[in-house]
Amino acid sequence: MSGDSSAVGDSGELVLQRSFDAVDPELSLTPSSRFLQAELELNALLSRMSFSEPVRFIYNPLEYAWDTHRCYVEKYCQAGQQILFLGMNPGPFGMAQTGVPFGEIRSVVDWLNITGEVGHPPEEHPKRRITGLACTQSEVSGARFWGLFRKLCREPALFFQHCFVHNLCPLIFMNATGKNLTPPELPAGEREKLLALCDVALCKVVKALGVSMVIGVGRVAEQRARRALTAACVDVRVEGIMHPSPRNPKANKGWEEVARAKLTELGVMSLLNNT
């Protein structure tokens, strides 16, 4: 999006209405439907926001990749899950392409077996085209994240019996060159307005799922989750694991070993090894 500011657009409200119309009233109390409702409500609010430089392009995969995202949620969001892994926001070759958090293409297609159509954001950077489930570039963070749980659980059913994965913010931001901008890199006022809306949505999601622990993937997600849930008096334990990003030198020296040790300390490994 060019000009002095970039707007998310109003398609979120259209998706919101269309999706509400499609919900079966008998399913309205399932964890997946409550989860999707919270996301759609957040979408509608985010659609009214605009962002200034350095933001020039904004993608919202909960709009153009709603089909695959809904497949992920309805397939794997279920009653009885105790752990919510929380990322910050989509990566350009992960959720931006697939609609799945940490959604590295091979993990999404071959292991999670997600299907569906993926469209396009209103404006695309020529270096950051959306090719959906045909994407040929792997996202390192997602490959590391889902790769660990594939090794531990072998089948998705064991992982999702106890855990679910979500992002605090559904938007991906880019500057004029196509460089990915994380929420902490946004102008302070816009960042805080954005994250305040995401905080409220997170509290709704945690209450809807009834999880007992939120594990932030990366320090920023952990700190934001702790702040939001504490302020809202939501009774849930908040912990964190190292982010698997290749931008993180420590992650490049053995993220899986560090993550395994932390998950063992938190008691999560015993759940995932319980075959």
Side-chain angles (χ1 to χ4, degrees), residues 27-39 42 69-88 95 100-103 107-108 111-114 141-142 144-169 198-244 255-256 258-275:
L27 300 179
S28 62
L29 296 181
T30 64
S32 62
S33 64
R34 291 197 299 268
F35 183 92
L36 290 170
Q37 180 173 323
E39 288 193 307
L42 175 61
H69 179 74
R70 185 169 184 169
C71 175
Y72 161 72
V73 174
E74 292 184 340
K75 194 179 186 81
Y76 293 120
C77 182
Q78 57 197 41
Q81 292 168 324
Q82 301 159 258
I83 312 296
L84 179 67
F85 286 93
L86 184 73
M88 190 65 203
M95 186 171 178
V100 177
F102 293 95
S107 300
V108 168
W111 196 56
L112 298 178
N113 296 311
I114 299 302
S141 295
R144 288 173 174 170
F145 181 85
W146 288 115
L148 169 59
F149 296 115
R150 187 171 187 168
K151 287 180 183 179
L152 291 174
C153 303
R154 297 192 179 181
E155 297 298 329
L158 177 57
F159 175 79
F160 289 105
Q161 179 182 345
H162 304 286
C163 307
F164 195 63
V165 185
H166 177 51
N167 275 330
L168 177 68
C169 173
C198 295
D199 287 349
V200 173
L202 174 63
C203 293
K204 290 181 181 179
V205 161
V206 169
K207 290 177 181 178
L209 298 183
V211 296
S212 57
M213 184 188 301
V214 174
I215 300 179
V217 183
R219 191 174 300 277
V220 176
E222 176 189 354
Q223 291 176 341
R224 193 76 201 187
R226 182 173 289 112
R227 171 180 166 182
L229 294 163
T230 299
C233 299
V234 179
D235 184 18
V236 63
R237 180 181 176 188
V238 179
E239 299 287 351
I241 60 172
M242 181 192 295
H243 199 286
W255 176 81
E256 184 175 312
V258 174
R260 281 175 177 261
K262 185 63 177 181
L263 294 175
T264 299
E265 176 188 325
L266 297 177
V268 177
M269 288 288 282
S270 61
L271 295 175
L272 302 182
N273 286 329
N274 182 19
T275 57

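Keep in mind the model is a prediction, meaning the values are calculated, not measured.
- Here the side chains of Glu256 and Lys151 are in contact, with some heavy-atom distance below 4.5 Å.
- Every residue two or more places apart in sequence or in another chain that forms a side-chain hydrogen bond (donor to acceptor under 3.5 Å, both in side chains) with Lys262 is listed here: Glu265.
- Interatomic distance, Leu148 CG to Arg260 CZ, rounded to the nearest 0.5 Å: 5.5 Å.
- Across all non-hydrogen atoms, the minimal contact from Cys203 to Ala228 is SG-O, 3.7 Å.
- A heavy-atom distance below 4.5 Å is not found between the side chains of His162 and Val268.
- Tested against Phe85 for a side-chain contact (heavy atoms from CB on, under 4.5 Å), the candidates Val214, Ile241, Val211 yield a single pass: Ile241.
- Residues Leu158 and Leu271 are not in side-chain contact: their nearest non-hydrogen atoms beyond the backbone lie 4.5 Å or more apart.
- In this structure, Arg144 CZ and His243 NE2 are separated by 10.5 Å, a value rounded to the nearest 0.5 Å.
- When all heavy atoms of Val205 and Ala38 are compared, the closest pair comes out as CG2-CB, 3.9 Å.
- For the pair Gln78 (side chain) and Phe160 (backbone), a donor-acceptor distance under 3.5 Å is present.
- Here the shortest heavy-atom pairing between Ser107 and Gly142 reads OG-O, 4.2 Å.
- Taking the six-membered ring for Trp and thresholds of 30 and 60 degrees, Phe145 and Trp255 have ring planes inclined between 30 and 60 degrees apart.
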| said: side chain to side chain contact (heavy atoms under 4.5 Å, CB included), that's the test. Do Val165 and Phe159 meet it? Break it down for me. | reply: CA-CA 10 Å; Val165 185; Phe159 175 79; 3.8 Å; yes
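- Taking the side chain as every heavy atom from C-beta outward, Ile215 and Leu263 approach each other to under 4.5 Å.
- Between Leu42 and Ala201 the shortest heavy-atom distance is CD2-CB, 3.8 Å.
- Here the NZ atom belonging to Lys75 is positioned 13.0 Å from the OG atom belonging to Ser32, to the nearest 0.5 angstrom.
- Contact check for Glu74 versus Thr30: no side-chain heavy atoms found under the 4.5 Å cut-off.
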| field | Stepwise side chain to side chain contact (heavy atoms under 4.5 Å, CB included) check, Lys204 with Arg34 | value | CA-CA 9 Å; Lys204 290 181 181 179; Arg34 291 197 299 268; over 6 Å; no
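- A perpendicular orientation is assigned to the rings of Tyr72 and Trp146, their planes being inclined by more than 60° (bins at 30° and 60°).
- Residues Val236 and Leu84 form no side-chain contact, since every pair of their non-hydrogen atoms from C-beta on lies 4.5 Å or further apart.
- Side-chain contact between Met213 and Gln82: absent, with no pair of heavy atoms (C-beta onward) separated by less than 4.5 Å.
- Here the closest non-hydrogen pair linking Pro244 and Val217 is CD-CG1, 3.6 Å.
- A centroid separation of 6.0 Å or more is found between the aromatic rings of Phe149 and Phe102.
- The local environment of NZ in Lys207 is sparse, with at most 12 non-hydrogen atoms from other residues, nucleotides or ligands closer than 6.0 Å.
- Side chain of Tyr76 to main chain of Leu112: a donor-acceptor pair is present (N/O by atom type, distance under 3.5 Å, no hydrogens or angles).
- With values rounded to the nearest 0.5 angstrom, Asn113 atom CG is found 9.0 Å from Cys71 atom SG.
- Between the side chain of Gln81 and the backbone N or O of Cys163 there is at least one donor-acceptor pair closer than 3.5 Å.
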| task | Show your working on side chain to side chain contact (heavy atoms under 4.5 Å, CB included) between Leu266 and Arg237 and close with a plain yes or no. | result | CA-CA 10 Å; Leu266 297 177; Arg237 180 181 176 188; 3.6 Å; yes
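- Annotation for Val238 and Glu222: closest pair CG1-O, 3.7 Å, computed over non-hydrogen atoms.
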